[in-house]
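So that we are looking at the same thing, I have put the structure below in structure tokens.
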Amino acid sequence: MLLSVEDLRVSYGGIKALHGIGFRVDEGEIVCIIGANGAGKSTTLRAVSRLVPAEPGSKLTYRGKDLLKYPPDRVVAELGITHVPEGRRLFDNLTVMENLRLACFARRNGPEIQRDLDRVFSIFPRLRERIHQKAGTLSGGEQQMLAIGRAFMSGRQVMLLDEPSMGLAPLLMMDVFKALGEINREGTTILLVEQNARLALRFARRGYVLENGNLVLEGSSEELLNNPDVKKAYLGG
Amino acid sequence: MTFFLQQVVNALQWGSFYALIALGYSMVYSVLMLFNFAHGDIFMVGAYMGFFVATGLVTLGAAGVLALPSWLILALTILMAMFLTSLVGMLVERVGYRPLRGAPRASAALTGLMIGIILQTGNLALLGARRQTFPGLIDVTSYKVAGVIVSNKALIIITLSILLTLALHQFVRRTKWGMAMRAMAYDFAVVPLMGVSINTIALLTFGLGSALAAVAGIFFGMAYPVLEPYMGLLVGWKAFVAAILGGRGSVLGAGLAGFLLGFIEIFVAAVFPSTLRDVIAYSIILVILTFRPYGFFGEPYSAQLRL
């Protein structure tokens with residue numbers, strides 16, 4: 001088991017967002033968490049990347065290490081868990097290249113960085129054409145590519161993806177997910193949260209359903225796609 | 001014409017202090033979204049650090065223990081005061097601001113004011129109310145070019161201030177540390193996701209800004225050799241004005257605005273009675289700010305402060 005989460009509780013100023021959820025992710029897997037807006041999907045990812053504090057009693061273990069002992073920058077730099085946040089959150093004032101370079105901040109300078117950069121540009125050739133452009137001038141699809149490229153550069157043991165389909169036209173969305181599949185086949189484990197449940201379940205091997213801060217269902221993607229409740233609530237009947 | 005050029009030289013020297021202090025103000029404001037109101041007092045600390053180092057080296061020389069050429073004493077004074085003052089600045093960050101990261105902005109602003117008071121009165125308690133005289137580090141020679149008098153001291157002050165501003169600009173543009181600072185200026189909350197420690201960048205920002213304030217303090221001591229614990233107050237406020245006028249996120253903007261303040265003050269004083277200098281000068285700046293509320297070179301930043 002690569003990542004295990006037990007009894008994860010998070011609240012924001014007294015309001016409970018997660019009521020003690022548990023899930024696991026194995027090495028090399030693609031796992032998705034689906035749920036409605038406000039169910040706690042983003043909070044789950046933020047807790048794993050340590051951006052929000054988990055309440056006492058929560059247990060988060062990564063490769064046998066207690067995740068709660070790591071501040072967010074070391075989760076990335078030392079454990080290789082990267083988080084592509086909701087809305088991409090690129091540094092619009094930096095160029096494409098600078099965004100990618102910044103993601104390597106904690107890495108030792110060496111040929112590996114160049115190799116990884118080349119890999120990012122081979123997955124997303126359009127980024128190469130725009131390396132000197134400010135990230136703020138990219139189209140929505142290109143911005144998502146850069147956000148994923150940035151995560152690829154910074155760690156890439158595990159990628160936590162928050163709504164990668166958001167705001168993308170269907171064709172671009174397919175491109176992005178194709179690229180994510182490629183990155184996964186090269187060894188990166190993916191934990192994905194999505195409102196677009198159909199897309200997420202087709203992409204992932206397993207999934208969890210999050211409702212109002214509780215995990216209510218889990219299963220293989222096939223099971224979930226055929227589950228009548230899931231169909232009714234998330235797949236449009 | 002000679003009169004005008006003479007005022008230009010004076011303004012450049014006067015603006016150098018504002019520019020160097022404004023750089024630190026601007027950096028902290030840009031990178032950490034924080035008004036470090038203690039920064040004027042860091043300038044004061046820098047001047048005293050320079051005073052201690054310089055006096056020590058001059059005394060050693062007079063005692064015949066270690067006779068160094070005056071240019072080397074000046075260089076050592078600048079470097080050591082930069083180092084010591086940056087330690088003080090980083091301590092201020094670590095002890096004063098870090099515990100309040102995420103606290104309401106007003107609390108952090110108050111922290112700055114309180115640290116300022118502590119630095120002023122701490123100095124008073126340690127050294128007493130006696131004013132200190134900054135040692136004359138270099139033999140002053142004045143050159144007369146086309147009727148304009150320029151001293152070697154003014155040349156050193158102006159040249160180094162401009163060079164340091166440009167060096168900081170390059171640092172922020174070209175190094176990975178500078179890149180992290182610019183990223184933080186744009187979207188603070190996402191920076192840790194890049195594997196970058198916010199605390200480290202905060203220390204760097206305070207350290208650099210304080211080191212530059214120390215240079216300003218030494219230059220000030222060279223030009224006006226009387227040091228007292230409250231010397232950073234008014235100068236600090238004015239440098240703060242320059243930092244805002246320059247625009248958030250712009251090193252060159254802060255530097256230029258610092259020199260602009262020097263020009264406005266000197267030229268107002270050249271025409272009007274000196275008691276009216278600041279009244280008129282800062283009325284002019286108020287008008288400028290009305291027309292350019294984001295300053296001269298303000299960069300956009302993400303409105304989202306949290307993830």
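Since the model is a prediction, treat every value here as computed from it, not as a measurement. Letters A, B, ... are given to chains in the order of the sequence lines, protein chains preceding strands, and every chain is numbered from 1.
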Minimal heavy-atom distance between B/P192 and A/V76, with the atoms involved, is O-CG2, 3.7 Å
In this structure, are over 12 heavy atoms from other groups packed under 6.0 Å from B/R101 atom CZ?
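Atom CZ in B/R101 is crowded, with more than 12 foreign heavy atoms closer than 6.0 Å.
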B/F83 atom CZ, neighbour heavy-atom count above 12 within 6.0 Å
no
Return yes when atom CE of A/M173 has more than 12 non-hydrogen atoms of other residues, nucleotides or ligands closer than 6.0 Å, and no otherwise.
yes
Atom group of A/R150 that falls short of 4.5 Å from chain B, counting heavy atoms
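Interface part for A/R150: side chain.
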Could you check whether atom CG of A/N212 has more than 12 heavy atoms from other residues, nucleotides or ligands sitting under 6.0 Å from it?
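12 or below, so no.
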Minimum heavy-atom separation for B/G195 and A/A77, please, with both atom names.
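Smallest interatomic distance, heavy atoms only, reads O-CB, 4.2 Å.
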Output for pair (A/N99 CG, B/M179 CE), nearest 0.5 Å, gives 8.5 Å
What distance do A/D73 atom CG and B/M194 atom CE have between them, rounded to the nearest 0.5 Å?
11.5 Å
Consider side-chain contact (heavy atoms from CB on, under 4.5 Å). Of B/K176, B/R182, B/R173, which one does A/E98 pass it with?
B/R182
Heavy-atom closest contact (B/A189 atom, A/L51 atom, distance):
O-CD2, 4.2 Å
Tightest non-hydrogen contact, residues B/D187 and A/F91, listed as O-CE2, 3.5 Å
Where on A/I81 is there a heavy atom nearer than 4.5 Å to chain B: the side chain, the backbone, both, or neither?
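It is neither, since no heavy atom gets under 4.5 Å.
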So, taking the atom named CZ in A/F105 and the one named OG1 in B/T200, what distance separates them when rounded to the nearest 0.5 Å?
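Going from CZ on A/F105 over to OG1 on B/T200, the span is 7.5 Å.
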Distance-minimising heavy-atom pair for A/L90 and B/Y186:
O-CE2, 3.5 Å
